[in-house]
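Only heavy atoms go into these numbers, but all of them, side chains included; no hydrogens, no water, no symmetry mates. Numbers here are sequence positions counted from 1.
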Amino acid sequence: MKSITFRWKLTLFIVLICGVSLSLAFAGLYIYDRWQFHLEVQRRVENSRKLLAENLTPLLEQNPEATDLPLNLVVPDLQIVVVGVFSADGKLLAHFIRPGAHEPVPRLKRFSWLMSTDRAVIWSPIINAGRTLGTVYIKADLSQTDIDRSSTLLRAAAIIFLAAVLLAFVVAYRLQALITQPIIELARVSAEIQRESDYSYRVGVAATA
C-alpha cells in the first residue's frame, strides 16, 4: 500500500465505500425478500389448513371414522402436494397426493410447524368444543419458480453491484484530481517554503466551487 500514490488510494477508498454500502443494501434486500416469501408460504398453508378444518369438522362430528373427506379443496393451491387426515385415535382416514408427487403420508405426529428452503409441513389437530376430532397433515413443496426467484434476485444483484462499482471507479478516477491536485500543490509549496525559507510563495491552484 505504501507504493500506491495518494490519488489511487483515494480512488480505491471511494470504490470500497461504494462496494460495502451496496453489499449491505443487497444483503438487507435479500433477507427481507426471503422473509416475505416465507410469510407468504406460511399464509397459504395456514389458509388451506383453516379451509380443511372448517369443512372436516362437521363431517367428523357426524362420523369420526369417515373416509370420504373433501381433500380436493386444496387442489387450487399447486404448492400443496400431500394432505392426510387422521382420526382421534391416530388412524389414517383419507389422504390426497398431487399427481406426479411421490410422497408418502407419514405416521401421525404431534402438532408442529416445519419451514425449510424447499418445503413447509404442518400437523394441526382438528378441535371442536374442546374435543379433538382428528389431525390434519399438510405438506407444501416450493415450486421451481419460487426456488428460482432467489437465484434470479442474486444474479440481478450481482450485475447491479458490478455495474455500480465500475461506475464508482470511473467517477472516482475522473474526479479525484479535483481533490488531490490542490493537496499536492499545497504540499509542494509547503516544501518549497521550508527549503527556501521564502514566505512569498503562493499556491497556484484556485479553489473550485
Worksheet item: Which heavy-atom pair separates V105 from Y137 by the least distance, and what is that distance?
Response: CG1-CD2, 4.4 Å
Item to complete: For F86 and P106, work out which heavy atoms get closest and say how close.
Response: CZ-O, 3.3 Å
Worksheet item: Mind checking whether P70 and L59 have side chains closer than 4.5 Å, heavy atoms only?
Response: yes
Item to complete: Report the C-alpha distance between V20 and L16 in whole Å, list the side-chain angles of each, state the deciding distance to 0.1 Å, and finish with yes or no for side-chain contact (heavy atoms from CB on, under 4.5 Å).
Response: CA-CA 6 Å; V20 171; L16 177 63; 4.1 Å; yes
Discussion item. Run the side chain to side chain contact (heavy atoms under 4.5 Å, CB included) test against I160 and tell me which residues pass, sequence neighbours left out.
Written reply: F26
Practice prompt. Answer whether the closest heavy-atom distance between the side chains of L52 and V85 falls below 4.5 Å.
Written response: no
Discussion item. Within the structure provided, determine whether L166 and L162 are in side-chain contact (heavy-atom separation under 4.5 Å).
Written reply: no
Item to complete: Hey, could you give me the CG/CG distance between N55 and L69, rounded to the nearest 0.5 Å?
Response: 10.5 Å
Worksheet item: Is there a side-chain contact between V82 and H95 (heavy atoms, below 4.5 Å)?
Response: no
Worksheet, complete the sentence: Rounded to the nearest 0.5 Å, the CD1 atom of I80 sits from the CZ atom of R44 at a distance of 8.0 Å
Worksheet entry | Inter-residue atom distance I122.CD1 - R49.CZ, 0.5 Å rounding | 5.5 Å
Item to complete: Indicate yes or no: at least one non-hydrogen side-chain atom of L93 is less than 4.5 angstrom from one of L60.
Response: yes
Discussion item. Can you give me the closest heavy-atom contact between S23 and F161, atom names plus distance?
Written reply: OG-CE1, 3.4 Å
Discussion item. As an exercise, state the distance from CG of D89 to OG1 of T135, rounded to the nearest 0.5 Å.
Written reply: 10.0 Å
Worksheet entry | Backbone of L29 reached by a side-chain donor or acceptor of D33 within 3.5 Å | no
Item to complete: Could you tell me whether R43 and E46 make a salt bridge, using a distance below 4.0 angstrom between a side-chain N and a carboxylate O?
Response: no
Worksheet item: Side-chain contact, heavy-atom cut-off 4.5 Å: I138 with V74?
Response: no
Item to complete: Specify the closest pair of heavy atoms between A120 and V45, including all atoms of both residues, with the distance to one decimal.
Response: CB-CG2, 4.3 Å
Fill in: Rounded distance [0.5 Å steps], CG in L73 versus CG in L51
5.0 Å
Worksheet item: Which heavy-atom pair separates P64 from S87 by the least distance, and what is that distance?
Response: O-CB, 4.0 Å
